[in-house]
Visitor: 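The structure's right below; bear with me while I get my questions together.
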Amino acid sequence: MKPAPFQYAAPETVDEAVMLLSEYGRDGKILAGGQSLVPLLAMRLARPSVLIDLNRIAELDYIRQTDGEVAIGAMTRQRTIERSGEVREHLPLWWEAVRYVGHPQIRNRGTVGGSLAHADPSAELPAAAAATGATLVTRSTRGERTVSAEGFFLSYLATALEPDELLVEVRIPAHARAGTAFLEVARRHGDYALAGVAAMVTMRDGRCEAVRLAFTGVGPVPVRVAEAEEPLIGRRPEESVYAEIARIVAGRLDPDSDIHASAAYRKDVAGVLTARALALAVSRAQEPMADSRSSMVDHG
């Protein structure tokens, strides 16, 4: 099929883009990488009055370190994240998660902001954002605001973005010393995850100091299970603890069944992946010096 007719705009600055969003509101659609939007246009599931193409806005393509965080512009390509030594060193969970996104051809075009704003419940980067306590920055003609990752994702393909707002940046606490792991199960390499987990752990004196878990593919948004994080805190990691946490995860998650997998299967897989991810994250964690603070910030 062919898309329904639409106007086309290609702003060259963020100010121009937000002016267009202010003018068109819900009748405007943002084009970033296009992997999700273009098929929707072709099937006429999306019928915008105007398509606002962000690909000429160079100011949204960057990776910067600032105040213990790494800021990533919304138009930064996923392939750039994958190839960035800065991301690999300071944001190891994001570096690992992005490599599960589709195939290299997809990551060459796909953007960080596009993945987050699309909010697919089986996507990897929203789960990485939730696990690392990321903050998302939006802009409109009314000004700038910040939203926590857990407040940004509302439901299936739904976010806290207002119709006149543009996602411009994601700020991620640096976690170089934390142990991290991202694991998922998909029907084929590059497919959306049937279930996946992002895990981050910090250690001190051989005991777990902090844990963050976020799941993808098992709910309408990235899912945190706080009860599953608590059993490991203050304890020495052991197989029995991982098994206990896996049982909690399987018991607390409430995924849907679909043609790809049953809810029971997703629950079981999520529990198994959690145990494996925690063991891997613990093995990668670097303990801080006695007079140092952990590099992982727990945002609750």
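Index from 1, following the sequence. This is a predicted model, so every value here is computed, not measured.
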Visitor: Taking Arg212 for its side chain and Ala131 for its backbone only, find out whether a donor-acceptor pair lies under 3.5 Å.
Guide: yes

Visitor: Should we count CZ of Arg145 as having more than 12 external heavy atoms under 6.0 Å?
Guide: yes

Visitor: Would you say the side chains of Ser84 and Trp95 form a donor-acceptor pair under 3.5 Å?
Guide: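 There is no such pair (donor and acceptor under 3.5 Å, judged by atom type) between the side chains of Ser84 and Trp95.
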
Visitor: Flag yes if Ile172 and Val221 sit in one hydrophobic cluster, no otherwise; membership is Ile, Leu, Val, Met, Phe, Trp, Tyr, and two members link when side-chain heavy atoms are under 4.5 Å apart.
Guide: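 Yes, Ile172 and Val221 fall within the same hydrophobic cluster.
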
Visitor: With side chain to side chain contact (heavy atoms under 4.5 Å, CB included) as the criterion, how do Val50 and Phe6 come out once you've worked through the C-alpha distance, each side chain's angles and the decisive distance to 0.1 Å?
Guide: CA-CA 5 Å; Val50 60; Phe6 57 81; over 6 Å; no

Visitor: Distance-only, no hydrogens or angles: does the Ser262 side chain make a donor-acceptor pair with backbone N or O of Tyr265 under 3.5 Å?
Guide: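 Indeed, once roles are kept as given, a pair shorter than 3.5 Å links the two residues.
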
Visitor: Checking Thr76 side chain against Ile72 main chain: does a donor-acceptor pair fall under 3.5 Å?
Guide: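 No; zero donor-acceptor contacts below 3.5 Å.
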
Visitor: Start with the C-alpha distance between Leu167 and Leu136, add both sets of side-chain angles, then the distance that settles side chain to side chain contact (heavy atoms under 4.5 Å, CB included), and finish with yes or no.
Guide: CA-CA 7 Å; Leu167 177 62; Leu136 292 89; 3.8 Å; yes

Visitor: Between Thr216 (side chain) and Gly196 (backbone), is there a donor-acceptor pair under 3.5 Å?
Guide: no

Visitor: Can you confirm whether more than 12 heavy atoms, excluding those of Tyr192, are under 6.0 Å from its OH atom?
Guide: no

Visitor: Ignoring hydrogens and angles, tell me if any N or O in the side chain of Arg276 forms a donor-acceptor pair with the backbone of Leu183 under 3.5 Å.
Guide: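 Side chain of Arg276 to backbone of Leu183, a donor-acceptor pair under 3.5 Å: no, none is there.
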
Visitor: Do any N or O atoms from the side chain of Glu86 and from the backbone of Arg64 form a donor-acceptor pair under 3.5 angstrom?
Guide: no

Visitor: Using distance only, find each side-chain donor-acceptor pair of residues 13-35 under 3.5 Å and give its atom names and separation, not counting sequence neighbours.
Guide:
from: Thr13; atom 1: OG1; to: Glu16; atom 2: N; distance (Å): 3.1
from: Glu16; atom 1: OE1; to: Glu12; atom 2: N; distance (Å): 3.0
from: Gln35; atom 1: NE2; to: Ile106; atom 2: O; distance (Å): 3.3

Visitor: With side chain to side chain contact (heavy atoms under 4.5 Å, CB included) as the test, would you mind laying out the steps for Glu239 and Val241 before giving the verdict?
Guide: CA-CA 5 Å; Glu239 290 295 331; Val241 181; over 6 Å; no

Visitor: Output yes when Arg88 and Glu96 qualify as a salt bridge under the 4.0 Å nitrogen-oxygen rule, no when they do not.
Guide: no

Visitor: Quick one: which residue pairs count as a side chain to side chain donor-acceptor pair (under 3.5 Å) with a foot in residues 250-259, not counting sequence neighbours?
Guide: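 Residue pairs with at least one partner in residues 250-259: Tyr156-Asp256, Glu227-Arg252, Asp258-Arg266.
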
Visitor: Could you tell me which residues satisfy ring pair (Phe, Tyr, Trp, His ring centres under 6.0 Å) with Tyr100, sequence neighbours excluded, listed by chain and number?
Guide: Phe182

Visitor: Using a 3.5 Å distance criterion without hydrogens, assess whether the side chain of Glu82 forms a donor-acceptor pair with backbone atoms of Arg79.
Guide: no

Visitor: Going through the checks in order, is the side chain to side chain contact (heavy atoms under 4.5 Å, CB included) test met by Leu194 and Val269?
Guide: CA-CA 9 Å; Leu194 300 177; Val269 167; over 6 Å; no

Visitor: I'd like to know if the side chain of Arg284 and the backbone of Thr180 have a donor-acceptor N/O pair within less than 3.5 Å.
Guide: yes

